[in-house]
Amino acid sequence: MKTGTAQRPGPPHTGSPPGPPHTGSPPGPRHTGSPLSPRGPLWLAWRRQRTVLVTGGVLILALAGYLLYQRTGMAALIHDRGVADCRVWRDCNGAPVVTSDRLSEAFVRLETYRTALLDTARLLLAIPAVIGAFVGAPLIAREFESGTAALVWSQSVGRVRWLIATLALPVVGTLAATTLPAALFTWWWWPVRGTFPDVHWGDTLPFDVMGPAFVSLSLLSLFLGTAFGLLLRRTLPAMACTLAVTAGVVYGLQQLRPHLMPRLTVTAGVRVHAEAPYGGWYVGSGYLDGTGARVDGSVCEGLGGWPAIFRCLDRRHLAEEYEDYHPIGHFWSMQWIQAGICLAVAVALAAFCVWWIGRRRA
């Protein structure tokens with residue numbers, strides 16, 4: 001007789017785990033690979049850069065408020081005192097200034113705006129260097145130093161795609177952060193473009209902090225910093241090189257600017273003095289001999305007074321004086337020409353960065 005537990009017949013075992021039947025619910029969300037998805041390169045770039053971008057945006061808005069306040073006050077002064085198209089202490093609408101308490105008070109107050117304009121221009125001129133050195137240079141160099149770049153590249157994100165995503169937000173931020181103050185500063189400066197005889201519109205201050213020239217210079221500095229960070233892979237050396245080269249670019253643009261468009265010339269007798277019209281940017285002067293040839297303006301300097309200078313000029317048969325200048329009508333053309341030069345170099349640097357990172361190993 002057999003002993004043991006009796007087994008009841010039943011359906012065969014299928015190997016399925018016990019539990020409720022499958023209801024056909026959709027699967028959970030999957031990563032689509034979009035740059036804007038929570039794990040995409042643009043999203044990661046925003047997570048890394050948002051503190052700098054938000055802080056910079058707040059500072060730019062504060063600066064914009066200051067520019068708006070200053071411009072409103074200066075415009076009210078010019079309108080109330082009727083000193084539009086005046087050169088302080090010299091002439092108004094081409095006529096010599098007749099001294100009066102009203103004009104004297106207006107000119108004294110305008111001088112305070114001159115100081116504010118130049119101080120603000122110096123602050124604005126530092127922005128491209130700050131963008132290049134403190135945004136562009138660490139942007140790539142820091143990723144190499146920390147090893148983040150190699151880690152990201154190992155996660156199925158291509159190097160070129162990673163570079164473009166990393167640069168996208170700083171480029172957009174730079175455009176926004178420089179266009180607003182450049183427009184407001186140009187708006188502030190324009191009513192007094194010929195008011196202060198010692199402030200010429202073609203000089204580094206204020207030319208490089210106005211209009212498209214300022215925006216393009218900032219973008220160029222950003223890509224300079226990025227290129228140095230990519231080449232050196234060290235943050236501090238890249239920052240130092242960016243600051244130095246940006247300063248060199250500003251100096252080079254100042255030397256190039258007078259030659260961007262043909263100059264105009266005004267002549268007068270040596271006892272009258274040739275002078276550019278209102279708003280003109282003086283770029284050179286000297287004397288003309290009897291044949292019309294130009295002679296350097298320092299040929300009779302340091303002779304101890306005008307009588308001695310006039311005798312020197314007579315001996316050399318120099319009867320006329322000339323002055324080269326750019327009229328205010330050249331302002332916007334030269335702005336766009338310089339901006340085109342800076343943008344062309346910036347695009348070349350961007351293309352170099354893409355080519356370089358595409359051929360290098362992590």
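Sequence positions, counted from 1, serve as the residue numbers for this chain.
- The salt bridge (Lys or Arg N to Asp or Glu O under 4.0 Å) search around Asp203 returns none, not counting sequence neighbours.
- Under the rule for a side chain to side chain donor-acceptor pair (under 3.5 Å), His200 has no partner lying at least two apart in sequence or in another chain.
- Each side chain to side chain donor-acceptor pair (under 3.5 Å) pair with one or both residues in residues 178-189, not counting sequence neighbours, would appear here, but there are none.
- Rounded to the nearest 0.5 Å, atoms OG1 (Thr55) and CG (Leu59) are 7.0 Å apart.
- Taking all atoms of both residues into account, the shortest heavy-atom contact from Leu180 to Ala64 is CD2-CB, 3.7 Å.
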- Task: Evaluate the side chain to side chain contact (heavy atoms under 4.5 Å, CB included) criterion for residues Arg233 and Glu145: first the C-alpha distance (whole Å), next the side-chain angles of each, then the deciding distance (0.1 Å), finally the verdict.
- Result: CA-CA 7 Å; Arg233 301 194 177 196; Glu145 287 180 328; over 6 Å; no
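- With contacts defined as side-chain heavy-atom distances shorter than 4.5 Å, the pair Val209/Leu217 does not qualify.
- Identified under the disulfide bond (SG atoms under 2.5 Å apart) test for residues 205-256, with sequence neighbours left out: none.
- By the side chain to side chain contact (heavy atoms under 4.5 Å, CB included) test, Val347 is found to be paired with no residue, residues two or more places apart in sequence or in another chain being considered.
- How far CG of Leu236 is from CE of Met239: 6.5 Å, rounded to the nearest 0.5 Å.
- Linking ILVMFWY side-chain heavy atoms closer than 4.5 Å, directly or via other members, places Val266 and Leu318 in two distinct hydrophobic clusters.
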Donor-acceptor contacts under 3.5 Å from residues 293-304 side chains, at least two apart:
unit_1, atom_1, unit_2, atom_2, d
Arg294, NH1, Asp324, OD2, 2.7
Arg294, NH2, Thr265, OG1, 3.3
Arg294, NH2, Asp324, OD1, 3.0
Asp296, OD2, Ser298, N, 2.8
Asp296, OD2, Ser298, OG, 2.3

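- Inter-residue side-chain proximity for Phe228 and Pro237 is flagged as unmet; no heavy-atom pair is nearer than 4.5 Å.
- Under the salt bridge (Lys or Arg N to Asp or Glu O under 4.0 Å) criterion, Arg81 pairs with Glu105, not counting sequence neighbours.
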Requested in this report: Show your working on side chain to side chain contact (heavy atoms under 4.5 Å, CB included) between Arg316 and Tyr287 and close with a plain yes or no.
Outcome: CA-CA 10 Å; Arg316 296 174 178 270; Tyr287 299 106; over 6 Å; no
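- Val270 has its side chain out of reach of Ile309: every pair of non-hydrogen atoms, C-beta onward, lies at least 4.5 Å apart.
- At a threshold of 4.5 Å between non-hydrogen side-chain atoms, the residues Val135 and Thr174 do not count as touching.
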Under the side chain to side chain contact (heavy atoms under 4.5 Å, CB included) rule, what do Met210 and Phe331 come out as? Steps first, then yes or no, please. CA-CA 10 Å; Met210 293 192 292; Phe331 174 79; 3.4 Å; yes
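- Here Leu288 sits in one hydrophobic cluster together with Tyr322; the rule is ILVMFWY side chains under 4.5 Å apart, joined directly or through other members.
- Transitive grouping of hydrophobic side chains (ILVMFWY, heavy atoms separated by less than 4.5 Å) keeps Met334 and Leu264 in distinct clusters.
- Proximity of a side-chain donor or acceptor of Trp201 to a complementary backbone N or O of Gly279 within less than 3.5 Å is detected.
- Looking at heavy atoms from C-beta onward, Leu77 lies out of side-chain contact with Met74 at the 4.5 angstrom threshold.
- In this structure, the side chain of Gln335 engages the main chain of Ala213 through a donor-acceptor pair within 3.5 Å.
- Rounded to the nearest 0.5 angstrom, Asp289 CG and Glu320 CD are separated by 10.0 Å.
- Hydrophobic clustering, defined by side-chain heavy atoms of Ile, Leu, Val, Met, Phe, Trp and Tyr closer than 4.5 Å, leaves Tyr69 isolated from every other such residue.
- A distance of 7.5 Å separates CG of Leu231 from SG of Cys353, quoted to the nearest 0.5 Å.
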**Request:** Could you check Thr195 against Arg114 for side chain to side chain contact (heavy atoms under 4.5 Å, CB included), going step by step and ending with a plain yes or no?
**Result:** CA-CA 9 Å; Thr195 298; Arg114 171 190 174 278; over 6 Å; no
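- Residues Trp332 and Met261 share a single hydrophobic cluster, defined by chaining ILVMFWY side chains whose heavy atoms lie under 4.5 Å apart.
- Nearest heavy-atom pair across Val283 and Pro258 is CG1-CB, 4.2 Å.
- Using a 4.5 Å cut-off on side-chain heavy atoms (C-beta onward), Leu139 and Leu167 make contact.
- Under the 4.5 Å side-chain criterion, counting only non-hydrogen atoms from C-beta, Tyr66 is not in contact with Leu184.
- Of the N and O atoms on the side chains of Glu143 and Thr166, not one donor lies less than 3.5 Å from an acceptor on the other residue.
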Check residues 242-256 and write down every donor-acceptor pair under 3.5 Å in which the side-chain atom is one partner and the other belongs to a residue at least two apart or another chain.
unit_1, atom_1, unit_2, atom_2, d
Thr242, OG1, Ala238, O, 2.7
Thr246, OG1, Ser221, OG, 3.1
Thr246, OG1, Thr242, O, 2.7
Gln254, OE1, Thr204, N, 2.9
Gln254, OE1, Thr204, OG1, 3.0
Gln254, OE1, Arg257, NH1, 2.7

N/O donor-acceptor pairs under 3.5 Å from side chains in residues 116-133, not counting sequence neighbours:
unit_1, atom_1, unit_2, atom_2, d
Asp119, OD1, Arg122, NH1, 2.8
Thr120, OG1, Ala116, O, 2.7

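- Applying the side chain to side chain contact (heavy atoms under 4.5 Å, CB included) test to Ser216 and every residue at least two apart in sequence or in another chain returns Ala339, Cys342, Leu343.
- Counting all heavy atoms, side chain and backbone alike, Ala350 lies closest to Phe223 at CB-CE2, 3.6 Å.
- Side-chain contact between His330 and Trp281 is absent, with no heavy-atom pair separated by less than 4.5 Å.
- Distance CG/Leu220 to CD1/Ile341: 11.0 Å, rounded to 0.5 Å.
- Trp355 is connected to Ile140 through a chain of hydrophobic side-chain contacts under 4.5 Å among Ile, Leu, Val, Met, Phe, Trp and Tyr, so both are in one cluster.
- The cluster map of Ile, Leu, Val, Met, Phe, Trp and Tyr, joined by side-chain heavy atoms under 4.5 Å apart, puts Phe134 and Leu349 in different clusters.
- A donor-acceptor contact shorter than 3.5 Å is absent between the side chain of Arg71 and the backbone of Leu68.
- To the nearest 0.5 Å, atom CZ of residue Arg311 and atom CG of residue Leu313 are 11.0 Å apart.
- Residues Pro206 and Phe185 share a closest heavy-atom pair of CB-CE2, 3.8 Å.
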